[in-house]
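Beneath this line is the structure, given in structure tokens, with notes to follow.
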Amino acid sequence: MTAKTQDNGDAMQQAIRLVLALLPQERQATHDEIAESVDPIWVMQQTRGQLLDRDVLLKEIESRVAVWQDDSVGLKDDRNHIEWLTEAQLERSWDFWDRYRRYLEDVRLMPPRVVRRLDQSTDRILRQIEDPRRPGAWRRTGLVVGQVQSGKTGNYIGMACKAADAGYKLIVILAGIHNSLRSQTQLRVDEGLLGFDTQYQQRYDEATNTARIGVGVMPGVKRLKIASLTNSAEGGDFKQQIARHLNLPIGDYPVVLVIKKHKSILENVRKWIVEIEGVPVGDGKSKVVRDIPLLVIDDEADHASVDTTKDDDTDPSTINRSIRHLLNSFDKAAYVGYTATPFANIYIKPKADHDTFGLDLFPESFIESLPAPSNYLGPERVFGLSATDPDDDGIKALPIFRPVHDHEAWMPPRHKKEWVPPEELPPSLREAIDAFILTCAARRVRGQGTQHNSMLVHVTRFVSVQNRIRDQIDEHVNLTRDRLRDGMGDEATHVLARLRGLWEKDFATTSATFPAEEASPVQWNDVEKELRPALRKIDVRAVNGSSRDALEYYENRKAGLSVIAVGADKLSRGLTLEGLSVSYYLRASSMYDTLLQMGRWFGYRPGYEDLCRLYTTLELFNSYGEITAADNELRQDFAEMARLGQTPESFGLRVRASPAGLAVTAANKMRRGVKVRLSYSGELPETTVFSLHPEAVRRNFDILERFITGLDQQGGPEPDGTSLVWRGVPPTEIIDGFLDGYISDRGSYRVRPALIAQYIRGCIAVGELSSWTVRLVGTPTGTLEEIGTHPLRLVTRSRPDGLEAEPGRHTIKRVLSPADESRDLSEHLRTRALEATSAARRLEANRKGKEFKEPTIPTGQPLRRFRPVQEPLLLIYPIEHPEAKADVGLPPLVGFAISFPFSEHPTETEYVVNDVWRQLEIDLFDDEDPDE
């Protein structure tokens, strides 16, 4: 990177900062206002000899100003809580927050509307924990739910700034279980809260200016009173002897600790503070710290913090016990967990208590959901999300997925730690590495040469195998670098032809599908000139417990780091890969939350979304599609319950009863509940994944024919357009005649006929779901098929755009035609349901600041609230086999959806957790020790 390039980069950052300062802050600037603000700054830079591209500057400003973010929503329980923040905002100074806000706007150049949302959401969270000046004993526990790589760290640093301003004197941040993540988090805290580098300074008044970083080096900022007992070095975790030596005046000003979730460290922190500040209580054997308000911020709160013991009579598991013991040692304590996958936390048993360690960590005080900004590249945009609403187009997956089919000989799914991969990398991995090289070069062409670039390779959980893969990839990169170095030989020509072929076949065509303002056109001739300098910067690292693995993004922030990171667990929990563009991912897991956490490819990719690539298997891609749908379903439930003013405990009950929440987390994190209630109340389970195994297809069609024949014996159907309808069907016929025999595909996590049947039996016992309507759906133009004695034209359901055909499986967006769900209702009920649908949509549109579109048919939960409790609807869709044109004799696939009314009684059906998991064929592979 030349000095001139570096200067231009700094000048561009300065110009962006100046233009943003000229724009209106209370609303989104118009295009004309942006252009009018860009021109004088651009001219000024020109006169200074800084030759910036005006169009690039204009696009940079527009991309920042265009970013928006929904307001957060939350559930709360105000019992034993006193409102305090409104008055405190007038009386107290908020210096820590003010300088952090300035740092985000002026240094990090965060979009102004996103900073305002951060201010609002951190106020909402702070409001729910207690006033640190409140007299007497109190305790608050809450949970903040964000999305993977969406900015949770920035949020809790903002919240910690406000907590320090409000009067919290001890702030303990629990930063994962690895040194690398703890070190990375400490550095972020140093930059955003403390203002000094803790490797060289530990309290605000030490006589050094060279250690100032982040908020501490902005012009005109105060030096605020604060200290840290941990530092950002790899071994900078809490040590009692250092804490005693520093002898900080605890209680005079905020003291911050960033520590790992490790039993001995948590215990050492507790012993240190109790030894210094504790006063005897009760029998005199135990001590409590009085009048020093404690705030514990638990990053990745679903990981290691959840009690995994099997029953209430045993002591809590180690980390859980240590966190609870720390909180229980203070008379004023607040605990706020942060996670993207809250399922395990919600399965915690409310009110679980222990004589020594205190209450468990269920978020009984509040749960706050943080929506991601509009420029977030999240699961919905990577994997797509089918619309459940006919007036909504859903979210189409970006064209960045590349299927991997050639990996099993190189990396078998069930290999051991002794596995030595064949020397030849699979072609898909070689292509992924080439894609990373091209991305690095293209970003240089776009003026992003000083930005970080990362590639993730996540294919094994074993450290020894990761190190072998690192060596193989390093050899491949070095060979490519050496062959290009000469520039004129046959080998260089071959490499250039290979890279050009991938560019033209993949990158040029993919980037052309993105809007021009998001993907500046890049020509091959320009990319070719940057290949060699891009390759020179690429470093291959193994990121695991036996290596020095804290990636030096901060140390390389001026020139930018380019790294191919090979790893597993360390890369799947919190550790940020800056500038991640290419991911090669084979690691399988059956746990929803584990899979989501492994999705390091989520995050922010300004100016290079079109260059990102995800190389993985079709099976994993489909699994992520299921997870995305289930996660979105629970978030929608959360938003609805927030509108209704529900509490965290009621949401916990909802998740524990939801089919979407059943298989969302590791079984050992659910053992405390022992039993789970499953409810389909107000739900619409529908099949979207179908096995193409001939026996399964034939059996399901035979079941359908027998079922229809049985219905005919009780009375012929009513024709209804192209469909056939049977009314007044008894529930036993639905269970015995259809559900008990239906074979669902293993990939269909959320639709399990056996569990649906058990739910129906529970409802029958309390006098519900007694009179079913069955609709066998046909179309006017489909292939004619005889079903029982009825000729019917089959429906067609195609796989989503961009999703390749998967051997042995057919995946679709939806089986339901939304208008079918309300056809059986009376005109009166349908009208009321449409009014309720309209009202719910209007509320949601207003909350998101989007244009309201009047619905034409009733849908969703507003519709099912008006469905009579005795009258569920079974919709059956005979679907033309996707291979029918090649094989005329193939029977149709059988899809179904059930519209369940809301139950008036909680279901009495309970499931022992381990039995449910065996039934769902969940694999506990991820609970094994990686080094065993």
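If you read the sequence from its start, that first residue is 1, and numbering goes on from there. Below, all heavy atoms of this structure are taken into account, side chains as well, without hydrogens, waters or symmetry copies.
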For [X] and [Y], work out which heavy atoms get closest and say how close.
X	Y	result
Ile812	Thr687	CD1-O, 4.0 Å
Glu686	Leu816	OE1-N, 3.1 Å
Pro892	Leu794	CB-CD1, 3.9 Å
Gln861	Phe902	O-CE1, 3.8 Å
Gly895	Val815	CA-CG2, 4.1 Å
Pro858	Leu863	O-CD2, 3.8 Å

Residue pairs involving residues 762-786 (criterion side chain to side chain donor-acceptor pair (under 3.5 Å); sequence neighbours excluded):
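Non-adjacent pairs meeting side chain to side chain donor-acceptor pair (under 3.5 Å): Asp720-Arg775, Glu768-Ser903, Ser770-Gln870, Thr783-Glu880.
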
Do the side chain of Tyr759 and the main chain of Ser681 share a donor and acceptor less than 3.5 angstrom apart?
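Looks like yes, one N/O pair under 3.5 Å.
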
Does any N or O in the side chain of Thr811 come within less than 3.5 Å of the main-chain N or O of Val689, such that one atom is a donor and the other an acceptor?
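It does not hold such a pair.
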
Step by step, would you call Thr617 with His405 a side-chain contact (heavy atoms from CB on, under 4.5 Å)?
CA-CA 7 Å; Thr617 64; His405 305 292; over 6 Å; no

Gap between atom [atom2] of [Y] and atom [atom1] of [X] - 0.5 Å precision:
X	Y	atom1	atom2	result
His810	Thr688	NE2	OG1	10.5 Å
Ile787	Leu704	CD1	CG	5.5 Å
Ile876	Leu792	CD1	CG	11.0 Å
Asp820	Ser817	CG	OG	4.5 Å

Measure the shortest side-chain to side-chain distance between [X] and [Y] over non-hydrogen atoms and say whether it is less than 4.5 angstrom.
X	Y	value
Val795	Arg797	yes
Tyr680	Cys763	no
Val459	His407	no
Ile898	Leu873	no
Leu893	Pro882	yes
Leu769	Pro872	yes
Arg793	Thr722	no
Pro855	Leu834	yes

Residue pair Arg830, Glu827: steps toward the side-chain contact (heavy atoms from CB on, under 4.5 Å) verdict:
CA-CA 5 Å; Arg830 194 157 48 240; Glu827 192 63 39; 3.0 Å; yes

Please list all pairs meeting ring pair (Phe, Tyr, Trp, His ring centres under 6.0 Å) that have one or both residues in residues 686-708, counting only residues at least two apart or in different chains.
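Matches after skipping sequence neighbours: Phe707-Phe738.
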
For Val774 and Val725, what are the C-alpha separation, side-chain angles and deciding distance, and is it a side-chain contact (heavy atoms from CB on, under 4.5 Å)?
CA-CA 6 Å; Val774 176; Val725 179; over 6 Å; no

Is a donor from one side chain sitting under 3.5 angstrom from an acceptor on the other, for Arg841 and Thr859?
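Their side chains do contain a donor-acceptor pair, which is all the 3.5 Å distance test asks for.
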
With no hydrogens and no angle check, just 3.5 Å: does a side-chain donor-acceptor pair link His790 and Asp712?
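Checked: His790/Asp712 side chains pair up, N/O donor to acceptor below 3.5 Å.
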
With Pro878 as reference, evaluate Val894, Leu776, Asn700 under the side-chain contact (heavy atoms from CB on, under 4.5 Å) test and give the passing residue.
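Per the side-chain contact (heavy atoms from CB on, under 4.5 Å) rule, the option paired with Pro878 is Leu776, out of Val894, Leu776, Asn700.
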
Just checking, Arg832 and Phe866: is the charged tip under 6.0 Å from the six-membered ring centre and within 45° of the axis?
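The answer is no; the distance or angle limit is not met.
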
Angle between ring planes, Phe896 versus Tyr742, binned at 30° and 60°: parallel, tilted or perpendicular?
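The arrangement is perpendicular - the two ring planes meet at more than 60°.
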
Salt bridge flag under 4.0 Å for residues Asp702 and Arg706:
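Answer for the salt bridge query: no.
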
So that I can tick it off, tell me whether Arg761 and Asp740 are bridged by a salt bridge, with the cut-off set at under 4.0 angstrom between side-chain N and carboxylate O.
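Salt bridge flag = yes for Arg761 with Asp740.
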
In chain order, what residues pass the ring pair (Phe, Tyr, Trp, His ring centres under 6.0 Å) check against Tyr877, with sequence neighbours excluded?
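Tyr877 satisfies ring pair (Phe, Tyr, Trp, His ring centres under 6.0 Å) with no other residue.
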
Should Arg867 and Asp824 be marked as a salt bridge (charged side-chain N to carboxylate O under 4.0 Å, His left out) after you check the CA-CA gap, both sets of side-chain angles, and the distance that decides it?
CA-CA 10 Å; Arg867 180 169 290 286; Asp824 64 312; 2.7 Å; yes

From Glu821, Arg864, Glu871, residue fulfilling side chain to side chain donor-acceptor pair (under 3.5 Å) relative to Ser899
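Exactly one candidate clears the test, Glu821.
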
